[in-house]
Amino acid sequence: MWSRLLTVVALAHGISAQNAGGTGPFRPATHTTAPTLPNHTIYHPTTAPNTTLPVLLWGNGACSADGTAFLNLLTQLASHGVFVIASGAPSGKGSTTSAVMKEGLEWIGKLEGGVYNGMKLALDRVGVAGQSCGGVEAYDVIGDKRVGVLGVFNSGLMTEAESKRVVPGLGGKKVFYFLGGKSDIAYANGERDYTLLPAGTPSWKGNLPVGHGGTYGDKDAGKFGVAAVHFVNWLLRGNATSASFFTTGNEAKAAGWEVESKNLDAIKVTPI
Ligand SMILES: *[C@@H]1O[C@H](CO)[C@@H](O)[C@H](O)[C@H]1NC(C)=O
Ligand SMILES: *[C@@H]1O[C@H](CO)[C@@H](O)[C@H](O)[C@H]1NC(C)=O
Ligand SMILES: *[C@@H]1O[C@H](CO)[C@@H](O)[C@H](O)[C@H]1NC(C)=O
């Protein structure tokens with residue numbers, strides 16, 4: 001079912017060559033690999049910023065091992081002050097599993113003083129997210145107590161049985177869905193998971209009717225990029241302007257997202 005995605009990923013990658021470092025306050029962002037984490041791609045502000053950086057673990061569409069398949073999106077997130085660890089080396093070949101995401105989580109825990117190349121990480125602010133097959137990988141990692149935030153992009157668990165087994169266990173996490181509307185092949189999966197979340201889970205679901213490929217190939221990942229920035233900027237950095245995108249201002253709706261949410265008032269994140 002998800003194999004069609006290989007095409008989508010290839011497309012996103014082709015266009016992403018135009019990426020110019022993102023538009024956030026910590027631009028330009030760049031990507032690299034750490035010698036101690038060779039099978040991942042790390043996105044961060046080019047120069048060590050005056051802020052601690054929360055961490056986002058990312059799984060690519062098709063579970064691809066190309067850590068630059070979502071270059072536009074992940075560079076944009078890093079330019080807003082997030083340290084992103086994508087599964088797969090830059091232009092890596094083959095595919096990944098959620099074990100690769102977990103390697104990133106273990107790796108940050110071993111950094112001396114939580115510092116990488118002069119950048120101080122906020123190890124109490126770790127999120128996990130992914131697109132399509134990468135979103136399914138993210139479900140495998142959200143259960144870890146070091147991770148508090150789940151972002152599901154054009155994805156959802158594959159079968160009803162899986163959904164019923166996994167999703168009711170997500171109490172205590174914050175869970176956001178970014179889906180591509182009815183023409184997204186993962187639409188029904190994401191919708192089902194959202195309805196199965198335990199009562200009280202702070203959660204949001206948006207559908208932008210562009211299909212499974214989202215807008216990741218657009219400059220700075222387009223409208224999915226805008227929403228993803230607000231997602232990390234609010235839930236990991238505590239940025240109130242970004243909270244408004246989902247809550248009081250509902251700029252998401254104004255931007256064309258069909259939205260639903262539950263218990264967002266319970267989200268309190270101290271600004272970094
Ligand atoms: C930190 O750096 C960012 C990006 O250059 C800037 O927007 C912000 O005002 C700085 N904050 C402080 C407290 O210096
Ligand atoms: C990286 O991936 C290669 C190919 O799958 C593997 O042989 C190697 O052991 C991996 N390295 C680490 C540090 O995980
Ligand atoms: C909130 O995020 C926006 C976009 O990254 C940034 O311009 C603004 O300075 C942030 N606000 C605070 C209080 O950090």
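Along the sequence shown, residues carry numbers from 1. Both counts, for ligands and for their atoms, begin at 1 and track the order of listing.
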Original post:
With atoms numbered from 1 as shown, which atoms in ligand 2 lie under 4.0 angstrom from a non-hydrogen atom of Pro38?
Top reply: 13 (C)

**OP:** State the atoms of ligand 3, each with its element, that fall below the 4.0 Å cut-off from a heavy-atom position in Pro25.
**Re:** 5 (O)

Subject >> Nearest neighbour in protein (non-hydrogen) for atom 3 (C) of ligand 1 >> reply: Phe26 CE2, 3.7 Å

**OP:** Using heavy-atom distances, let me know which of Asn50, Thr47, Thr51 sits nearest atom 10 (C) of ligand 1.
**Re:** Asn50

Original post:
Under 4.0 angstrom from atom 5 (O) of ligand 2, is there any protein heavy atom?
Top reply: no

**OP:** Measure from atom 14 (O) of ligand 1 to the protein's non-hydrogen atoms and state whether any distance is below 4.0 Å.
**Re:** yes

Original post:
Is it true that Pro49 lies under 4.0 Å from ligand 1, counting heavy atoms only?
Top reply: no

Subject >> Asn233 and ligand 3 - part of the residue with a heavy-atom distance under 4.0 Å >> reply: side chain

Original post:
Hey, looking at atom 8 (C) of ligand 2, which of Thr96, Asn39, Val100 has the closest heavy atom?
Top reply: Asn39

Subject >> Nearest non-hydrogen protein atom, atom 11 (N) of ligand 3 >> reply: Asn239 ND2, 2.9 Å

Subject >> Presence of salt bridge, Lys102 and Glu137, under 4.0 angstrom >> reply: no

Original post:
Is any side-chain heavy atom of Phe70 less than 4.5 Å from a side-chain heavy atom of Tyr43?
Top reply: no

Original post:
With no hydrogens and no angle check, is any side-chain donor or acceptor of Ser79 less than 3.5 Å from a backbone partner on Gly24?
Top reply: yes

**OP:** May I ask you to test the Val152-Asp193 pair for a side-chain heavy-atom distance under 4.5 Å?
**Re:** no

Subject >> Under-4.0 Å heavy-atom contact with ligand 3, by part of Ala240 that carries it >> reply: neither

Subject >> Identified side chain to side chain donor-acceptor pair (under 3.5 Å) counterpart of Arg237 within the set Thr270, Thr51, Thr52 >> reply: Thr51

**OP:** Just do the side chain to side chain contact (heavy atoms under 4.5 Å, CB included) check on Val210 and Lys223 with the steps written out, would you?
**Re:** CA-CA 10 Å; Val210 296; Lys223 286 189 171 185; over 6 Å; no

**OP:** Would you mind running through ligand 3 and noting each atom that sits below 4.0 Å from a heavy atom of His80?
**Re:** 4 (C), 5 (O)

Original post:
Under 3.5 Å, N or O to N or O, is Thr241 touching ligand 3 that way?
Top reply: no

**OP:** Give the C-alpha distance, both sets of side-chain angles, the deciding distance and a yes or no for side chain to side chain contact (heavy atoms under 4.5 Å, CB included) between Thr32 and Tyr116.
**Re:** CA-CA 12 Å; Thr32 184; Tyr116 173 73; 4.0 Å; yes

Original post:
Are Glu160 and Lys164 close enough for a salt bridge, meaning some N to O gap below 4.0 Å?
Top reply: yes

Original post:
Where does the angle between the aromatic ring planes of Tyr177 and Tyr139 fall among parallel (under 30°), tilted (30 to 60°) and perpendicular (over 60°)?
Top reply: tilted

